[in-house]
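Notes for the one structure printed next.
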There are 2 protein chains.
Amino acid sequence: MASGGIRPTSRDVARAAGVSQATVSLVLGDKWRGRVSERTAAVVREAAGDLGYAPNLAARSLRTGRTRTALLVVPALTHEYFARVYTGAAAVAAEHGFGVVLYPSPAGTGPARDPFGSARAAIDGVLASSMAADALAGIGEGGRAGGLPLVMLDSDPAAPGGPPTVNLAVADGIRQVARHLLALGHRRIIHLASDVDTWTFRVRADTVAAELRAVPGALLRTERCALDVTAARDAALRALTASGPRPTAVLCDGDTLAAGACKAARHLGLHVPRDLSVSGFDDLSLATALDPELTTVRLPAEQVGGAGMSALLTLLRGDHPAPVDLPVELVVRGSTGPVAAKEA
Amino acid sequence: MASGGIRPTSRDVARAAGVSQATVSLVLGDKWRGRVSERTAAVVREAAGDLGYAPNLAARSLRTGRTRTALLVVPALTHEYFARVYTGAAAVAAEHGFGVVLYPSPAGTGPARDPFGSARAAIDGVLASSMAADALAGIGEGGRAGGLPLVMLDSDPAAPGGPPTVNLAVADGIRQVARHLLALGHRRIIHLASDVDTWTFRVRADTVAAELRAVPGALLRTERCALDVTAARDAALRALTASGPRPTAVLCDGDTLAAGACKAARHLGLHVPRDLSVSGFDDLSLATALDPELTTVRLPAEQVGGAGMSALLTLLRGDHPAPVDLPVELVVRGSTGPVAAKEA
DNA sequence: CAGCGGCAGTGTTACGTATAACGTGGCTGG
DNA sequence: CCAGCCACGTTATACGTAACACTGCCGCTG
């Protein structure tokens with residue numbers, strides 16, 4: 001079991017099983033239907049098991065040109081959403097004997113000019129978040145990434161001739177949030193939005209605007225800021241202290257922004273949700289760590305990664321994966337409530 | 001630049017440079033000192049650059065048995081600390097042409113019996129967090145992991161004959177927290193501790209106990225719970241509503257626990273920090289998302305990963321890396337304050 | 001002038017796998 | 001009785017790199 005350090009090769013297995021190396025390769029490669037007898041196959045598998053044989057991936061890659069490794073391109077793994085996307089992708093990949101590596105070497109120390117660098121030699125396909133698209137100029141042209149099969153995550157599915165996409169129903173999610181707030185009686189609403197200009201955030205902005213336009217008397221103020229707590233706090237403070245009647249709800253593009261909005265509220269002496277309702281988006285662990293817990297939209301991040309990986313595997317088989325749209329779910333918690341009586 | 005898809009080989013470079021393939025290998029492998037003239041080397045490098053040559057990693061691995069890839073074993077990437085450890089490790093690895101893959105395929109779908117599975121074929125060494133040690137029974141025996149060079153992170157450095165370690169000065173950090181609370185006048189203190197029994201948490205418990213023992217009149221109550229907000233909230237509620245005079249401070253083993261403690265305080269109508277001081281540990285992004293922001297201990301997580309990777313590279317060179325102890329820093333924010341006058 | 005050592009490279013080989021091409025008995029239909 | 005075919009394997013080969021052994025050649029030395 002605990003071998004001295006030298007790994008057995010397919011030839012060792014062949015010797016042990018009394019067959020040729022080619023037969024071992026056939027059996028273990030699952031290509032033996034009708035070419036090797038059931039019994040011989042069993043013998044080979046047992047010998048492989050006894051020796052603890054595992055194929056040398058380098059040799060296999062060299063021969064086939066396939067590495068059984070996918071590259072996941074995300075802006076930062078320290079964002080919980082992307083960590084979960086990775087988790088989902090890696091799980092599906094593992095089921096198919098694939099591995100997942102990450103780009104960039106998160107410090108961003110890699111050569112920006114040649115996005116894939118030497119990694120290009122060692123991967124079969126790319127799974128890229130549209131939020132990392134800035135790191136990869138020209139990605140997605142012709143539906144490929146530097147000649148490699150590509151699947152885009154959270155990207156505009158309408159792009160013609162683009163790569164297969166896996167998307168979340170963000171429009172639906174943010175619409176549910178908007179209607180939730182409207183149903184609670186809120187009419188003066190701040191949309192605390194990301195200042196990043198990618199599809200997933202444009203959709204949010206458009207949908208919120210459309211929903212509020214449909215309601216007479218609804219008033220929308222949009223405030224854009226970076227996706228961090230401090231920036232969100234400052235932006236929320238600006239919006240809440242602007243002239244005119246005070247908004248009664250802050251609809252945020254992300255839980256992080258919502259945390260900032262809550263801090264702004266507290267700073268102004270406003271109670272959440274009595275004086276101000278705050279909604280998030282993402283359902284990070286942060287959402288339940290705050291007090292009150294955030295009303296937010298739960299994103300199936302693992303499924304995004306998993307579905308993306310499935311699509312990539314389909315692509316690698318030569319088929320065309322269908323576009324995927326994953327449902328999201330409004331989770332109502334304590335940070336939103338009915339508008340105060342005096343405000344109504 | 002954008003070649004049709006077929007990658008150039010070292011032989012192509014050799015042809016372009018007018019030398020033999022072996023020379024290309026020598027030059028690009030940086031083994032040419034005194035074996036190839038400066039001028040020839042320059043010619044080779046230029047040809048390689050023109051063709052956009054990148055070595056075929058599979059072929060190299062096959063020949064050398066080295067893959068230039070390290071395995072990072074962590075419990076879950078969705079924990080911000082480990083995501084940051086990964087980030088640091090990957091950055092250092094990239095500087096040396098190494099990659100980092102993660103274990104387990106986070107869903108835990110891998111074969112638990114053979115911890116490394118087929119990955120063992122494709123890695124040169126292992127970087128393992130002691131907090132994932134349960135996933136890897138027998139890891140670290142003889143300072144190796146299944147025959148592979150190993151570096152342990154956040155592990156007991158005193159283990160004899162064990163692998164090289166990279167540690168944080170957690171004892172120093174938690175001591176600073178304890179003294180901070182004591183200096184603020186707190187005497188009745190809850191230690192909200194992890195129920196995980198690994199070195200890093202044992203050190204916390206021992207250090208807190210020792211510090212409080214040294215102060216006359218100090219009273220310590222330890223409450224153990226799982227590392228999530230809800231469990232922490234419940235544990236804190238238990239401790240805060242126990243009979244006897246109420247504690248004035250909760251010293252937590254992690255920011256997540258501290259978030260739970262804050263929720264418990266709010267549930268009991270206690271103001272943080274006026275009625276109850278709460279301290280965290282880790283300095284996650286959560287620490288500044290909460291309101292008030294958490295007094296906590298900042299851990300150089302990226303440096304843990306980076307130093308671990310450096311140690312592993314040293315090990316792979318055949319040298320003995322020195323044990324690393326990284327300093328931590330107390331960050332005083334708004335969640336701790338002087339004990340209320342009436343309590344004193 | 002023979003011999004030696006160092007420089008600057010070249011020729012060749014091995015790594016372990018996957019697969020195309022190639023037997024080889026035995027059975028069966030005509 | 002033989003062609004043909006199936007079931008069952010084997011032989012041979014290619015992949016791209018790194019390392020080892022080797023070869024001219026030049027200058028120096030005794």
Side-chain angles (χ1 to χ4, degrees), chain A residues 3 5-45 47-48 51-69 97 118 120-122 124, chain B residues 3 5-45 47-48 51-69 97 118 120-124 316:
Chain A
S3 58
I6 185 80
R7 288 166 22 91
T9 76
S10 61
R11 234 175 297 261
D12 296 332
V13 176
R15 249 192 301 273
V19 297
S20 76
Q21 177 267 329
T23 304
V24 173
S25 185
L26 287 174
V27 172
L28 269 37
D30 233 33
K31 299 237 154 74
W32 58 283
R33 286 160 264 258
R35 299 182 51 76
V36 176
S37 73
E38 200 83 41
R39 185 173 32 189
T40 312
V43 170
V44 169
R45 272 193 291 260
L51 293 177
Y53 169 74
N56 182 322
L57 282 71
R60 170 187 288 172
S61 307
L62 182 55
R63 170 70 196 173
T64 61
R66 296 276 152 83
T67 56
R68 295 179 161 261
T69 301
S118 60
R120 185 159 149 196
D124 291 344
Chain B
S3 58
I6 186 80
R7 290 164 22 90
T9 76
S10 62
R11 235 175 298 263
D12 296 332
V13 177
R15 248 192 301 275
V19 297
S20 75
Q21 177 268 328
T23 304
V24 173
S25 185
L26 286 174
V27 172
L28 268 37
D30 233 33
K31 300 238 154 72
W32 57 283
R33 289 160 262 257
R35 301 184 48 76
V36 176
S37 72
E38 200 84 40
R39 184 170 34 186
T40 311
V43 171
V44 168
R45 273 193 292 260
L51 293 177
Y53 169 75
N56 182 321
L57 281 68
R60 169 188 290 173
S61 307
L62 183 54
R63 172 69 194 167
T64 59
R66 297 277 153 84
T67 57
R68 294 178 163 262
T69 301
S118 60
R120 183 159 151 197
I123 56 177
D124 290 345
L316 289 172

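All figures in this text were calculated on a predicted structure; none of them were measured in a lab. To find a chain, count down the sequence lines: A is the first, B the second, and so on, and within it residues start at 1.
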Expressed in angstrom and rounded to an integer, what is the separation of [X] atom [atom1] from [N] atom [atom2]?
{"X": "A/L26", "N": "D/dG9", "atom1": "CG", "atom2": "C1'", "answer": "9 Å"}
{"X": "B/R35", "N": "D/dA21", "atom1": "CZ", "atom2": "C1'", "answer": "10 Å"}
{"X": "A/R39", "N": "D/dG9", "atom1": "CZ", "atom2": "C1'", "answer": "14 Å"}
{"X": "A/W32", "N": "D/dC6", "atom1": "CH2", "atom2": "P", "answer": "19 Å"}
{"X": "B/D30", "N": "D/dA18", "atom1": "CG", "atom2": "P", "answer": "12 Å"}

Checking all strands, does [X] fall into the base, sugar-phosphate, or nothing category for heavy-atom contacts under 4.0 angstrom?
{"X": "A/S20", "value": "base"}
{"X": "B/S61", "value": "nothing"}
{"X": "B/S25", "value": "base"}
{"X": "A/V19", "value": "sugar-phosphate"}
{"X": "A/T23", "value": "base"}
{"X": "B/S37", "value": "sugar-phosphate"}
{"X": "B/R60", "value": "sugar-phosphate"}

Problem - First encountered from the 5' end of DNA chain D, between A/G18 and A/R63 - result: A/G18
Practice task
Name the residue closer to the 5' end of DNA chain D, choosing between A/Q21 and B/A58 according to the nucleotide with the nearest heavy atom.
Solution key: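 Upstream on the strand: A/Q21.
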Practice task
Compute the angle between the rotation axes at the two ends of the helix from C/dC1-D/dG30 to C/dG30-D/dC1, each taken over five pairs, rounded to 10 degrees.
Solution key: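 The two end axes of the helix from C/dC1-D/dG30 to C/dG30-D/dC1 meet at 60°.
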Practice task
Hey, which sits more toward the 5' end of DNA chain C by its nearest nucleotide, A/R11 or B/A41?
Solution key: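 On the 5' side of the pair lies B/A41.
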Handout entry: Outermost DNA chain C nucleotides near chain A [under 4.0 Å, heavy atoms]
Key = C/dG16 to C/dA21
